[in-house]
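Before any comments, here is the structure.
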Amino acid sequence: MTRVFSGMQPSGDPHLGNLLGALAQWVVDQHRAESLYCVVDLHALTSPQDPAELRARTLGLATTYLAVGIDPEVATVFVQSHVPEHAELAWIMQCTAAYGELSRMTQFKDKSDQHEFVSGGLFTYPALMAADILLYDADQVPVGDDQRQHVELTRDLAIRFNSRYGDTFVVPEGVYRTAGARVMDLQHPTRKMSKSLDSPQGTILLADDLADVARKVKRAVTDTDNEVRFDVAAKPGVSNLLSILAACTGADPAELAGTYTQYGPLKADTAEAVVEFLRPIKARHAELSDDPTAVATVLAEGAEHARQLAGATLSRARDHLGMLPRA
Ligand code: ATP
Ligand code: LTN
């Protein structure tokens, strides 16, 4: 059976981009593949975190996975740092990656320009991501468009390791969703919606109340020519609304464009679609948050299963590398 692995950082509150670009895909994938979904808390440490917030967000993000419909009876849900094999294979991947290769990662270049404190971990982040994926012999990695370069690097590292030390890792493929793959900020539609961009009016959070959600969509930046057309370059704001509406309703954005002649109705329909998309997820999240021990149990079971898989791969890699077996 195909195996799928993906992860998300507990570094901010989940937003509509995370839900449509990633989590919605995960929910679908769990029924066609053996799926593992990880809360990548070690990745969040690449920038300084408030301890209490990190703890709350880690549990909160795991709760979101379950609230969107990831079923722990079907998929494995766990926290990265509960499986110490990630950190160990990450070191091996750091030693497999070239300095120049890591230097070319655009996410590193963007983030290191934005931050005053640039950790060594931010630089080696893609090696940890490669370890996440390779530990589970994942065939497919569903991610947003922005992670393409990291998945390509993972493939390169797996191929390099296999050719140096013999067949060890499965070479994974990235799976990039088209509708909703890149949800843009509602106020700055040429930038992706993101938890690290300070744009509260342009970002729809799962935690927002539904009236706020509708208001933010209706106030989204469009343009003045009043023509509804799906054209990301020329009409980023309108195209973003069409993509969001399409992703929430399972339609095609270009086809949807033909059914509108004005911005008003497009905004109203998009607002309603987003609200109806979020409503059940919010309700389920609230329910699960009332029972944090149930979520903790899911995570404990998930980690146990993940460790079995990860342990086997790591032993294989250690052996092929020539590391002395542990007594
Ligand atoms: P940051 O702002 O710190 O970069 P983020 O909001 O981009 O964070 P990540 O934790 O980096 O979120 O991403 C989690 C997942 O959500 C990834 O698969 C990523 O591709 C996807 N994702 C993030 N933002 C968007 C977006 N605007 N549109 C579509 N997918 C997104
Ligand atoms: N880098 C990813 C999160 C991430 C991930 C992974 C995604 C960490 N490890 C493994 C897929 C597979 C991000 O920032 N979105």
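Counting starts at 1 for both ligands and their atoms, following the listed order.
Each of the following atoms of ligand 1 lies closer than 4.0 Å to a heavy atom of Asn18: 6 (O), 12 (O), 13 (O), 14 (C), 15 (C), 16 (O), 22 (N), 23 (C), 24 (N). Short contacts between ligand 2 and Gln9, defined as distances under 4.0 Å to a heavy atom of the residue, involve ligand atoms 14 (O). Residue Val40 approaches ligand 2 through these ligand atoms, each under 4.0 Å from one of its heavy atoms: 8 (C), 9 (N). Distances below 4.0 Å separate heavy atoms of Met193 from the following atoms of ligand 1: 24 (N), 25 (C), 26 (C), 27 (N). Atoms of ligand 2 lying under 4.0 Å from at least one heavy atom of His43, given by number and element, are 8 (C), 9 (N). When each atom of ligand 1 is checked for a heavy atom of Gly21 under 4.0 Å away, the hits are 29 (C), 30 (N). In summary, the atoms of ligand 1 found under 4.0 Å from a heavy atom of Lys111, numbered by their order in the structure, are 1 (P), 3 (O), 4 (O). Close contacts between ligand 2 and Val143 involve ligand atoms 7 (C), 11 (C) [criterion: under 4.0 Å to a heavy atom]. Using a 4.0 Å cut-off to heavy atoms of Lys192, the atoms of ligand 1 that qualify are 4 (O), 5 (P), 7 (O), 23 (C), 24 (N), 27 (N). Counting atoms of ligand 1 from 1 in the listed order, those under 4.0 Å from a heavy atom of Ala22 are 15 (C), 16 (O), 18 (O). Counting the atoms of ligand 2 from 1 in the order shown, those under 4.0 Å from a heavy atom of Val141 are 11 (C), 12 (C).
Between Asn226 and Thr224, the side chains place no donor N or O within less than 3.5 Å of an acceptor N or O (distance only, hydrogens not considered). In the model, Ser199 has a side-chain atom that pairs as donor or acceptor with a side-chain atom of Asp185 under 3.5 Å. Using a 3.5 Å distance cut-off with no hydrogens or angles, the side chains of Asp225 and Tyr263 do pair a donor with an acceptor. Side chains of His305 and Thr76: a donor-acceptor N/O pair is present below 3.5 angstrom, by distance only.
Of all protein heavy atoms, the one closest to atom 14 (O) of ligand 2 is Tyr125 OH, 2.8 Å. For atom 3 (C) of ligand 2, the closest heavy atom belonging to the protein is Gly7 O, 3.6 Å. For atom 10 (C) of ligand 2, the nearest non-hydrogen atom of the protein is Phe5 CE2, 3.5 Å.
Closest heavy-atom contact between Val68 and Val27: O-CG2, 3.5 Å.
In terms of modelled atom types and a separation under 3.5 Å, the side chain of Lys235 and the main chain of Asp223 share no donor-acceptor contact. With hydrogens and angles ignored, the 3.5 Å screen pairs no side-chain donor or acceptor of Asp113 with any backbone N or O of Asp110. When atom types are taken as modelled, the side chain of Gln30 and the backbone of Gly69 share a donor-acceptor pair closer than 3.5 angstrom. With hydrogens and angles ignored, the 3.5 Å screen pairs no side-chain donor or acceptor of His285 with any backbone N or O of Thr63.
Around the CD atom of Glu101, the shell of radius 6.0 Å holds more than 12 heavy atoms that belong to other residues, nucleotides or ligands. By the neighbour-count criterion of 12 heavy atoms within 6.0 Å, atom CD of Glu276 is densely surrounded, having more than that number from other residues, nucleotides or ligands.
Residue contacts with ligand 2 for Val151 are absent, since no atom lies close enough (heavy atoms, distance under 4.0 Å). Counting heavy atoms under 4.0 Å from ligand 2, residue Leu128 does not touch it at all. Looking at Asp146 against ligand 1, only its side chain comes within 4.0 Å, counting heavy atoms. Residue contacts with ligand 1 for Ser194 involve both N, CA, C or O and side-chain atoms from C-beta outward (heavy atoms, distance under 4.0 Å).
Annotation: Met184 places no N or O atom under 3.5 Å from an N or O atom of ligand 1; distance criterion only. When only interatomic distances are considered, the shortest N/O to N/O separation between His150 and ligand 2 does not fall below 3.5 Å. Among the atoms of Gln147, some N or O lies under 3.5 angstrom from an N or O of ligand 2. For ligand 1, none of its N or O atoms has an N or O atom of Pro142 under 3.5 Å away. Remark: ligand 2 and Asp132 share an N or O pair separated by less than 3.5 Å (distance only, no angle test).
Salt bridge Glu287/Arg284: present, at least one basic N to carboxylate O contact under 4.0 Å.
Side-chain rings of Phe161 and His320 stay apart, their centers remaining 6.0 Å or farther from each other.
The shortest separation from a heavy atom of His15 to ligand 1 is under 4.0 Å, placing the residue in contact.
By the 30° and 60° cut-offs, the orientation of the rings of Phe5 relative to Tyr136 is parallel.
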